[in-house]
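Before any comments, here is the structure.
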Amino acid sequence: MSFAAPEEYRDGELLIRSLRPGDGAELNRATVASYEHLREFMEWARPDTTVEDSEGYVRLSQARWLAGEEWGLGVWRGERLVAGCGFMLRGQPLEHGTVEIGMWVRADEAGRGLGTRVLRALVDWADADWPIHKLTWQCDSRNLASARIAQKCGFQLEGRLREHVPGVAGGRRTTLLFGLVRSDPRPWRSGP
Ligand SMILES: CC(C)(COP(=O)(O)OP(=O)(O)OC[C@H]1O[C@@H](n2cnc3c(N)ncnc32)[C@H](O)[C@@H]1OP(=O)(O)O)[C@@H](O)C(=O)NCCC(=O)NCCS
């Protein structure tokens, strides 16, 4: 499918846009400062990631974007990167219309409703501008904040995969699978 992905989406003062060359320094600041917050559930988190590593990542992310493989996004409040997220195909062609969302929130921004707000914005954006029928969300069964935001955004629990993959801190991870299809309610849109 030839699909020119939209580059950005605005939600008030937040700008959700593709990660691009030049974003590495701010991505590095955000992720290294968030290491303790991210390490339990994000296997890529490291305390000693360099700016060069982060710049390499955003360049790879841009290459994947252009190849239509994966759409890596940053959430910006002005010049500050407050969260990272993305639409991921996970081996399926886009024609199948099922895309997984991943997300992390900067440590000093977490627990204040930002993750919920960004996930709702991604659903709104997917509905409006992307050829997506179904959004999925996966998390470690111990990741209560992650499961909670999926449920707050209308995702339904569809599966619990016991001891499914290696856990970030060793052992095996039980994975919760959530899904949201086009006909599911978007409760945050129903105003008074
Ligand atoms: C998971 C994450 C994206 C959520 O973003 P956030 O901005 O912290 O989330 P919000 O503040 O919007 O909402 C968190 C919800 O989880 C709840 N929550 C948080 N910790 C919880 C816990 N230990 N037990 C139960 N509920 C919990 C909060 O109370 C809140 O729900 P409420 O609004 O009904 O009170 C963020 O915390 C994060 O980056 N975590 C580390 C990386 C990660 O795990 N990413 C997801 C991988 S699947």
Side-chain angles (χ1 to χ4, degrees), residues 9 11-17 19 23 26-47 49 54 57 61 70-78 80-91 98-126 132 134-180 185-190:
Y9 184 83
D11 178 12
E13 81 287 9
L14 296 180
L15 178 68
I16 305 176
R17 66 153 175 83
L19 286 172
D23 289 339
E26 178 59 8
L27 176 66
N28 188 261
R29 266 190 291 278
T31 53
V32 171
S34 302
Y35 172 67
E36 289 299 330
H37 165 65
L38 298 174
R39 62 186 293 208
E40 189 175 2
F41 297 118
M42 309 312 277
E43 57 84 27
W44 48 261
R46 303 278 181 280
T49 304
S54 300
Y57 175 78
S61 176
E70 193 169 289
W71 297 273
L73 298 155
V75 183
W76 302 81
R77 189 188 297 118
R80 181 173 161 87
L81 183 67
V82 294
C85 52
F87 292 125
M88 295 163 299
L89 290 173
R90 298 290 191 221
T98 295
V99 170
E100 183 180 318
I101 293 179
M103 191 194 302
W104 58 272
V105 167
R106 195 168 178 146
D108 58 3
E109 303 274 351
R112 300 177 188 176
L114 181 65
T116 306
R117 180 175 170 187
V118 170
L119 187 52
R120 287 176 180 167
L122 291 172
V123 173
D124 287 340
W125 193 20
I132 295 174
K134 178 171 186 175
L135 289 163
T136 64
W137 179 267
Q138 293 199 21
C139 68
D140 189 313
S141 60
R142 295 173 305 120
N143 194 343
L144 302 178
S146 177
R148 178 81 187 121
I149 69 168
Q151 283 164 330
K152 283 171 66 182
C153 294
F155 286 67
Q156 295 187 30
L157 181 63
E158 297 184 341
R160 184 171 181 275
L161 309 178
R162 296 176 308 139
E163 301 176 19
H164 177 50
V165 287
V168 172
R172 308 273 311 169
R173 176 183 104 166
T174 291
T175 298
L176 300 183
L177 275 182
F178 293 89
L180 181 79
R186 273 64 169 156
W188 63 94
R189 283 190 209 153
S190 44

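Order of listing sets the numbers, starting from 1, for every ligand and every atom in it. Basis for what follows: all heavy atoms, side chains included, without hydrogens, waters or symmetry-related copies.
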Looking only at protein heavy atoms, which one is nearest to [atom], and what is the separation?
{"atom": "atom 4 (C) of ligand 1", "value": "Ile149 CD1, 4.0 Å"}
{"atom": "atom 8 (O) of ligand 1", "value": "Gly111 N, 2.8 Å"}
{"atom": "atom 20 (N) of ligand 1", "value": "Ala145 CB, 3.8 Å"}
{"atom": "atom 22 (C) of ligand 1", "value": "Leu144 CB, 3.7 Å"}
{"atom": "atom 7 (O) of ligand 1", "value": "Gly115 N, 2.8 Å"}
{"atom": "atom 45 (N) of ligand 1", "value": "Met103 O, 2.8 Å"}
{"atom": "atom 39 (O) of ligand 1", "value": "Val105 N, 2.7 Å"}
{"atom": "atom 28 (C) of ligand 1", "value": "Arg148 CG, 4.7 Å"}

Report yes if some N/O of [X] lies less than 3.5 Å from some N/O of ligand 1; otherwise report no.
{"X": "Ser146", "answer": "no"}
{"X": "Glu109", "answer": "no"}
{"X": "His37", "answer": "yes"}
{"X": "Cys139", "answer": "no"}

Take a 6.0 Å sphere around CZ of Arg17 and say whether it holds more than 12 heavy atoms from other residues, nucleotides or ligands.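 Enclosed: over 12 neighbouring heavy atoms sit under 6.0 Å from CZ of Arg17.
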Which atoms of ligand 1 have any heavy atom of [X] under 4.0 Å away?
{"X": "Thr116", "value": "10 (P), 12 (O), 13 (O)"}
{"X": "Met42", "value": "42 (C), 43 (C), 45 (N), 47 (C)"}
{"X": "Phe41", "value": "44 (O)"}
{"X": "Gly113", "value": "10 (P), 11 (O), 12 (O)"}
{"X": "Gln138", "value": "48 (S)"}
{"X": "Asn143", "value": "43 (C), 44 (O), 46 (C), 47 (C)"}
{"X": "Trp104", "value": "39 (O)"}

Hey, is [atom] touched by any protein heavy atom at less than 4.0 Å?
{"atom": "atom 41 (C) of ligand 1", "answer": "yes"}
{"atom": "atom 35 (O) of ligand 1", "answer": "no"}
{"atom": "atom 2 (C) of ligand 1", "answer": "no"}
{"atom": "atom 10 (P) of ligand 1", "answer": "yes"}

Using side-chain heavy atoms (C-beta onward) and a distance below 4.5 Å, is [X] in contact with [Y]?
{"X": "Leu73", "Y": "Leu122", "answer": "yes"}
{"X": "Asp140", "Y": "Arg142", "answer": "yes"}
{"X": "Thr31", "Y": "Leu81", "answer": "no"}
{"X": "Arg160", "Y": "Thr174", "answer": "yes"}
{"X": "Met103", "Y": "Val75", "answer": "no"}
{"X": "Trp76", "Y": "Asp23", "answer": "yes"}

Do the side chains of Glu43 and Arg173 get close enough for a salt bridge, i.e. N-O under 4.0 angstrom?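 Arg173 and Glu43: not salt-bridged.
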Is it true that Glu109 and Arg117 have a side-chain N and a carboxylate O under 4.0 angstrom from each other?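 Arg117 and Glu109: not salt-bridged.
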Flag for Trp188-Asp124: side-chain donor and acceptor within less than 3.5 Å: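 There is such a pair between these side chains.
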Distance-only, no hydrogens or angles: does the [X] side chain make a donor-acceptor pair with backbone N or O of [Y] under 3.5 Å?
{"X": "Thr136", "Y": "Phe178", "value": "no"}
{"X": "Ser34", "Y": "Ala107", "value": "yes"}
{"X": "Asn28", "Y": "Thr49", "value": "yes"}
{"X": "Arg172", "Y": "His164", "value": "yes"}
{"X": "His37", "Y": "Trp104", "value": "no"}

Can you tell me if Arg117 contacts ligand 1 (heavy atom of the residue under 4.0 Å from the ligand)?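 Judged by the 4.0 Å heavy-atom criterion, Arg117 does not count as contacting ligand 1.
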Is it true that Lys152 lies under 4.0 Å from ligand 1, counting heavy atoms only?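 Checking ligand 1 against Lys152, which is what was asked, there is a heavy-atom contact under 4.0 Å.
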